[in-house]
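Here is the structure we will look at, set down as structure tokens.
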Amino acid sequence: LYRVLGAESHFLGDGIRRAYETKFSKPPQYAFSNDALISRRQILQAACETLADPTSRREYNQGLVDDAILTQIPFDKVPGALCVLQEAGEQELVLEIGQGLLRERLPKTFKQDVVLAMALAFVDFSRDAMALPQPDFIAACEMLERALKLLQEEGATSLAPDLQTQIDETLEEITPHCVLELLALPLDDERREEGLLGVRNILWAVGGGGAAAIAGGYTREDFMNEAFLHMTAAEQVELFVATPSNIPAESFEAYGVALALVAQAFVGKKPHLIQDADNLFQQLQQTKVEIDFALERGLCALLVGELDECRSWLGLDTDNSPYRNPSIIEFIMENALPGLCKLLETWLVFPRFRDTKETSFKLGDYYDDPTVLRYLERLESPLAAAAAIVKIGAVQASVINALKKVFPASVQIMCAGVVIGLVTLVGLKFLPPKMDARVAEALVRKWQSIKSQAFGPDHCLGRLHEVLDGEMLKVWTDRAAEIAERGWSYDYILEDLNIDSVTISQNGQRAVVETTLTESTPQHDASTYTTRYEMPGWKIVEGS
């Protein structure tokens, strides 16, 4: 009775009566029936009368000491009793009694009162789970879902609509946290399947032109990155493949899945997946102008033994390659052939994936696999595979023996020092450069990006020399400087680009590229034009 009134055992009679008045003046927030409310008031009155009178209170207190208190409640007063017990925090008792009652044939109003009391008990359990120092989102969601199901199935759609709305809104807010908790469970926990399904429900609900923000304080990108930390590489790829076609993949998503494919290929010894990863990196190259993804594509090429491709993507063909990264080149040249291998091993670290983040990888483990070796044997340029096996450290004898069979013309083994001799990267630096439509497109895109920066509000002129030379550099530098001096700016936006033709001179040192571009600025509508660029040494010196 003390708990029913919200009173303490040391309260005097006036304190008991004030507790009763406070309780009575605040009826339940949600719509219990009039019969339930009358029963609730009668129970509160009985509690007040018992505890406010010294004699009955003394007898009641002695009963508590002797554990001999049994309060008889007439059956028609049970809904009011459940309401009172729920308000007093006796959730387990409410659910125990309520579940027994729902197995009986009850009058409609009586049943709805029981259902409402039970639903509120589930909501109370949810609040308790959320109030923990480390909130238990899984338990909170489970309790709210049970409350909502109970209201909709055992009650009626019209029963406590405000409560149902509140539950829906709370579920929407905490479900992303719950999904992340489910994903973080051990991989063999069956409940993780609920988390994987929850990821799809959340991401696909905001896809297809929907909101970029997700409830719970997450952006779509933040939620995906957090979810990916708790997912295996295979789970990430499966999610990507299953995504409906009307929901375009974001760049960060495609990049993560490309890395997941590399992880799957490496761990599962499935080198054919490297090509799928490279295809995604290629798509990213075509959409993300400010990032060339050359390192990723170069190392993908190396993993499948395509040395020419690797050399081109890392900018080893020419000092003027648009993909040439001085820090990477310096690292490779200083460390010679093992440098490239070490670069690849360093890149093959997969902290993004649940099943690989604690694992240390060595290339020898990959190339020592018969499936990988058979795959590489069918390729025309197997040198990179041999190069990748030159790890810093020992090379397994089985790997060396396999290499003798696969690459007899390219590999010489010196058993004493376990040295693999083949074309070194220092030599690769002086091989003739190559120009094709892919390289041309990358150069033009890079030029358009740098032009946008030079003529934009920040007036970044310092990068023009990266893609322009000679008269072209002078003209565009003067134009950009004049625009900056006048305080103007043009935010060029490249909307489309197609390479129409690439003509290479006989000595391979000069290229003429014709391209059709569509660009716009906030001040002007999109315009399409065709340009011819002359590129000696892989910089643009003339455009018309």
query = Salt bridge or not for E471 and K474, using N-O below 4.0 Å?
reply = no
query = Run the salt bridge (Lys or Arg N to Asp or Glu O under 4.0 Å) check on E238 and R200 step by step: do they pass?
reply = CA-CA 11 Å; E238 184 178 349; R200 297 187 180 201; 3.5 Å; yes
ask   = Is the number of heavy atoms from other residues, nucleotides or ligands within 6.0 Å of NZ (K269) greater than 12?
value = yes
request  = Check Q236 against G256 and note the closest heavy-atom contact, atom names and distance.
outcome  = OE1-O, 4.0 Å
request  = Examine distances only and state if a side-chain atom of R354 and a backbone atom of F228 form a donor-acceptor pair shorter than 3.5 Å.
outcome  = no
Reported CD1-to-CH2 distance for the pair I483 and W488, which is rounded to 0.5 angstrom = 5.5 Å
Under 3.5 Å donor-acceptor pairs involving side-chain atoms of residues 134-144, not counting sequence neighbours:
residue: D136; atom: OD1; partner: I138; partner atom: N; Å: 3.4
residue: D136; atom: OD1; partner: A139; partner atom: N; Å: 3.1

ask   = Hey, are E466 and R324 close enough for a salt bridge, meaning a charged N less than 4.0 Å from a carboxylate O?
value = no
ask   = CG/L299 to CG/D278 distance, rounded to the nearest 0.5 angstrom?
value = 10.5 Å
ask   = Are the side chains of E485 and H459 in touch, meaning some heavy atoms are under 4.5 Å apart?
value = no
inquiry  = Can you tell me how far apart CD (Q264) and CD (E235) are? Round to the nearest 0.5 Å.
reply    = 10.0 Å
ask   = Between Q275 and N279, is any side-chain donor less than 3.5 angstrom from a side-chain acceptor?
value = yes
query = Ignoring hydrogens and geometry, is there a side-chain-to-backbone donor-acceptor pair from R532 to S544 under 3.5 Å?
reply = no
note = C300 and I274 have their tightest heavy-atom pair at O-CG2, 3.3 Å
inquiry  = Looking only at the side chains, is there a donor atom on one of T515 and T531 sitting less than 3.5 Å from an acceptor on the other?
reply    = no
task = Output all residues satisfying side-chain contact (heavy atoms from CB on, under 4.5 Å) with A131, sequence neighbours left out; order by chain, then residue number.
result = none
request  = Please confirm whether F281 and Y255 have ring centers closer than 6.0 angstrom.
outcome  = yes
ask   = So does E172 have more than 12 non-hydrogen atoms from other groups sitting under 6.0 Å from CD?
value = no
message = Restricting to non-hydrogen atoms, name the atom on A227 and the atom on V199 that form the minimum distance, rounded to 0.1 Å.
response = CB-CG2, 4.3 Å
key: Pair D500-T516, side-chain donor/acceptor within less than 3.5 Å   = yes
task = To the nearest 0.5 Å, tell me how far I540 CD1 sits from D469 CG.
result = 10.5 Å
query = Which value, rounded to the nearest 0.5 Å, describes the distance between E145 atom CD and L171 atom CG?
reply = 5.5 Å
Student check: side-chain heavy atoms of L497 and L494 closer than 4.5 Å = yes
inquiry  = Please find the pair of heavy atoms, one from A277 and one from A258, that lie closest to each other, and give the distance.
reply    = CB-O, 3.4 Å
inquiry  = Can you confirm whether the side chains of T219 and D222 place a donor and an acceptor under 3.5 Å from each other?
reply    = yes
query = Are side-chain heavy atoms of Y323 and L295 found at a separation under 4.5 Å?
reply = no
Under 3.5 Å donor-acceptor, S452 side chain and Q448 backbone = no
message = Are the side chains of S489 and F455 in contact, using a 4.5 Å heavy-atom criterion?
response = no
task = Please work out whether the ring planes of W476 and W447 are parallel, tilted or perpendicular, with thresholds of 30° and 60°.
result = perpendicular
key: Salt bridge flag under 4.0 Å for residues K539 and E534   = no
task = Would you indicate whether the side-chain heavy atoms of V179 and F223 approach each other to under 4.5 Å?
result = yes
ask   = Is T175 close to I202 at the side-chain level, that is, under 4.5 Å between some pair of heavy atoms?
value = yes
key: S527-E519 side chain donor-acceptor pair, cut-off 3.5 Å   = no
ask   = With a 4.5 Å heavy-atom cut-off, do D189 and L182 have their side chains touching?
value = no
key: CE-CD distance between M224 and E226, expressed to the nearest 0.5 angstrom   = 12.5 Å
inquiry  = Ignoring hydrogens, what is the shortest heavy-atom contact between T477 and L461? Give both atom names and the distance.
reply    = O-CD2, 3.9 Å
message = Can a side-chain donor-acceptor contact be found between Y533 and E514 if the only test is distance below 3.5 angstrom?
response = no
ask   = Taking side chain as C-beta onward, heavy atoms only, is M535 less than 4.5 Å from V512?
value = no
query = Going by distance alone, is a donor N or O of one side chain under 3.5 Å from an acceptor N or O of the other, for R445 and Q285?
reply = no
